[in-house]
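Please read the structure below before turning to the comments.
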2 protein chains.
Amino acid sequence: MSSSVETPEEDVSVPGRITIRDVAKAAGVSIATASKALNDRGRMTPETRARIQTAARDLGFTPNAVARALVSQRSFTIGLLTNDTYGRFTLPVAAGLSAALIDRGVSVFLCAFQDDPEAARVNLRAMQDKCVDGLIIAGKRIDRGLPIELPRLSMPVVHVYSLCGDDDIGFMPDDRAGAALAVQHLIGLGRRRIAHVTGPLAFAAVAQRTEGWADALKAHGLAPFGAPLNGTWSEGFGYSVGQAWAALPPSERPDGVFCGNDQIARGVIDALTLAGLNVPRDISVVGFDNWSVFAEATRPPLTTIDMNLQEMGRQAGLVLLDMVEGLPVERGLRRLPCRLVTRQSCGVPPPA
Amino acid sequence: MSSSVETPEEDVSVPGRITIRDVAKAAGVSIATASKALNDRGRMTPETRARIQTAARDLGFTPNAVARALVSQRSFTIGLLTNDTYGRFTLPVAAGLSAALIDRGVSVFLCAFQDDPEAARVNLRAMQDKCVDGLIIAGKRIDRGLPIELPRLSMPVVHVYSLCGDDDIGFMPDDRAGAALAVQHLIGLGRRRIAHVTGPLAFAAVAQRTEGWADALKAHGLAPFGAPLNGTWSEGFGYSVGQAWAALPPSERPDGVFCGNDQIARGVIDALTLAGLNVPRDISVVGFDNWSVFAEATRPPLTTIDMNLQEMGRQAGLVLLDMVEGLPVERGLRRLPCRLVTRQSCGVPPPA
DNA sequence: CTGAAAGCGCTTACAG
DNA sequence: CTGAAAGCGCTTACAG
């Protein structure tokens, strides 16, 4: 038994955690006064306040958040509910969210679950039991919600990268403008025959990015180079498109491609390269996502669109906090701007 | 102002959440009795118990976890502290952890932060304030801890995929045996000239995987094919190695390669393919990580080693719970077995 | 078998 | 300016 350990300290003489009672005693005041001093509330002589705060510091007192939650009816926790178990979207969102909230004393419960209603329900229930102050609902596509009813949920909710009804409050990237950014970049580089290869039509993001492609083309008086090519969100699809292009005479190929995501872009580039073509010399390629592990590893590294998911998480957290505090918040969807990240898959922009 | 919304319901007549007081009243008993009935504790007539439980169900009562935490001195929450903001390792771990704990009523706080001591301290502090019952410390390499002192932390801690002292309790993959698995697979396929290309020497995982490579070779009376090649954990490094091999006459090339991770493996394969060689015909390649987005997208898809990180998270959670409950737990490191995932980068195994 | 009381650690009116 | 009291929602001895 000597190699095993009873977890709770056996030394019962150690009273465990320092409570406000301990600091009150040490400072020679009542716990009510101690509480007010520590929260910078109420009125008392500066000396008393200082004495109490010093005592607290000396004892290493940290208020018990559970007790505080019980009386204040605020737990200073929020829940992040997501069906994005892979974390492609949720992880940057969670990072921005946590970073923004940690300073305000709020922590976030991560509830990532497979896309089935039962799991969703169990996790939602857990969040209610834990009395979270609010909920972030995050998904992996902007046209689907989680498989849960949020029936008159008594707590505020912010939707991020998932379906957002008119009466909801939510955040999404401005896919359309982001796509236009990509295409403008290609045009600025002198490309004129700009194709678009992207994901399945069923995704709202696909339609929006396709519109952005058309917008930018139109703004420059350019015709689309062929119809958009829709396939799966995979390297494999991009690869097959690249192969097909490589088999064509140069005059029938695009000189620029805007891809619906980085994986497709990589597939296109790999196929073109293997067929002896050069990216960006023969064809410039832009991706979408700025998924660094792809974008940086592609040869050449991908110029791509970043959705600023981390910033989205930050803003969603801040808005949720406002709602928790009862501040008025506009309903509806916020679309956050995307940004272009330039690497080497498009060539060098002409001198400005 | 009609497009904005005051978050807390304005209807004050709605008393908010159902409490145990409500169910006690509905069932015509005291709240003490209600509590016992709902927790299947104490003794009372089955009828009374049933009546109370029915009342609770009808009212939709769910116990307030905060109040329960305050009295029971257990919050039924744990913290997951990690510096793996990218989530490559932490995400599967978190998934396994949450899934295992949700059934036991415990939720997990996600604290992912950049690798600086101040952020680590702030997050650790937040977890202490929130009175978490225990902590999972997860990293992105097995030979580094988080930049925090865990000075006589009063709560139990389990380390996952990060440095684990002799007196600590932790989980890691059995890198050495996993590597041997990969090499045995190559040998079983008839490969005899088996090279090893992997990450930087400074990583303990590199040394362990290299030992596994040597172990398996030795067990079959084979000599290593050259010294291990150490570089960065990147496609780029694998690519440069592949290029160098492609330039060699076949007799000087390996016929099988065990790579330290999937990115390196992909780089090797891409370079060989671009140079006109065929994987797996000319060279069989095994990766490490089973990072699906790489392993599945590589042409051909990667045979690779999976570290079972999700299972690791599950077991870590269960052990942590045992510690929280005061059960005796063996100190020390647990090494969990890896598993081989067969795809197409090695060729078809000979009929058994 | 059931209930009144005390208490978890804190905060917030309300007296003095 | 400071403290005694009540209470957040629950559980746990302890009486009856």
Side-chain angles (χ1 to χ4, degrees), chain A residues 8 12 15-53 55-56 59-77 105 128-133 154, chain B residues 8 12 15-53 55-56 59-77 105 128-133 154:
Chain A
V12 184
R17 185 169 180 144
I18 304 289
T19 78
I20 197 174
R21 163 172 258 110
D22 299 316
V23 353
K25 189 184 303 176
V29 296
S30 72
I31 61 173
T33 302
S35 172
K36 271 172 290 191
L38 295 171
N39 292 301
D40 272 321
R41 229 182 294 260
R43 9 190 93 267
M44 67 190 69
T45 58
E47 292 72 34
T48 308
R49 198 181 292 277
R51 181 160 39 92
I52 295 169
Q53 289 175 344
L59 290 169
F61 169 73
T62 72
N64 181 324
V66 171
R68 184 179 282 193
L70 187 59
V71 43
S72 69
Q73 301 287 51
R74 276 200 56 188
S75 64
F76 289 88
T77 63
Q128 296 187 104
D129 293 352
K130 291 291 192 303
C131 301
V132 294
D133 296 330
S154 57
Chain B
V12 185
R17 184 169 181 146
I18 304 290
T19 79
I20 197 173
R21 164 173 257 109
D22 298 316
V23 354
K25 189 183 303 175
V29 296
S30 71
I31 62 173
T33 302
S35 172
K36 272 172 289 191
L38 295 171
N39 292 300
D40 272 324
R41 230 182 294 261
R43 9 191 93 267
M44 67 191 68
T45 58
E47 291 73 35
T48 308
R49 197 181 293 276
R51 181 161 39 91
I52 295 169
Q53 288 176 345
L59 290 169
F61 169 73
T62 72
N64 181 323
V66 171
R68 185 179 281 193
L70 187 59
V71 41
S72 68
Q73 301 287 51
R74 277 200 54 188
S75 64
F76 288 89
T77 63
Q128 295 187 105
D129 293 351
K130 290 292 192 303
C131 301
V132 294
D133 295 331
S154 57

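Chain naming here is simple, since letters A, B, ... match the order of the sequence lines and numbering starts at 1 in each. Bear in mind the structure is a predicted one, so any value in this text is a computation, not a measurement.
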What residues form a side chain to side chain contact (heavy atoms under 4.5 Å, CB included) with I31(B), not counting sequence neighbours?
I20(B), R21(B), A24(B)

Which stems does DNA chain C form, counting runs of 3 or more consecutive Watson-Crick or G-U wobble pairs with both distances under 3.5 Å?
C:1-3 with D:14-16, C:5-12 with D:5-12, C:14-16 with D:1-3

Residues which pass side-chain hydrogen bond (donor to acceptor under 3.5 Å, both in side chains) with T33(B), listed by chain and number, not counting sequence neighbours
S30(B)

Using a heavy-atom distance cut-off of less than 4.0 Å, which residues of residues 61-77 of chain B contact DNA chain C?
L70(B), V71(B), Q73(B)

From CD1 of I18(A) across to C1' of dC8(C) the rounded distance in Å is 16 Å

Applying side-chain hydrogen bond (donor to acceptor under 3.5 Å, both in side chains), can you list everything that pairs with S72(B), at least two apart in sequence or on another chain?
none

Expressed as a whole number of angstroms, how long is the span from K25(B):NZ to dG9(D):P?
12 Å

Taking only residues two or more places apart in sequence or in another chain, which ones pass side-chain hydrogen bond (donor to acceptor under 3.5 Å, both in side chains) with S75(B)?
T77(B), D133(B)

Provide, to the nearest angstrom, the distance between the NZ atom belonging to K130(A) and the C1' atom belonging to dC10(D).
15 Å

Using OP1 and OP2 only, check whether a side-chain N or O of R41(B) sits under 4.0 Å from dT11(D).
no

In Å, rounded to the nearest 0.5 Å, how long is the span from CD of Q73(A) to CZ of R17(B)?
9.0 Å

Hey, are the side chains of D129(B) and F76(A) touching, using non-hydrogen atoms and a 4.5 Å cut-off?
no

Please report the interatomic distance CG(L70(A)) to CZ(R68(B)), rounded to the nearest 0.5 Å.
13.5 Å

Considering just the side-chain nitrogens and oxygens of T48(B), establish if one lies under 4.0 Å of OP1 or OP2 belonging to dC1(C).
no

Quick test of your reading: applying salt bridge (charged side-chain N to carboxylate O under 4.0 Å, His left out), list the pairs with at least one residue in residues 24-42 of chain A, sequence neighbours left out, ordered by first then second residue.
D40(A)-R49(A)

For DNA chain C, what residues of residues 33-40 of chain B have any heavy atom nearer than 4.0 Å?
T33(B), K36(B)

What integer distance in Å separates D22(B):CG from dC10(D):P?
9 Å

Nearest whole angstrom, please: distance from the C1' of dC10(D) to the CZ of R21(B).
11 Å

Nearest-Å distance for atom pair CZ/P, residues R17(A) and dG7(C)
21 Å

Who pairs with T19(A) by side-chain hydrogen bond (donor to acceptor under 3.5 Å, both in side chains), at least two apart in sequence or on another chain?
none

Side-chain contact, heavy-atom cut-off 4.5 Å: R51(A) with V29(A)?
yes

Contacts of D22(A) meeting salt bridge (charged side-chain N to carboxylate O under 4.0 Å, His left out) (sequence neighbours excluded), chain-then-number -> none

Nucleotide of dG3(C), dC1(D), dC10(C) approaching S30(B) most closely (side-chain heavy atoms):
dG3(C)

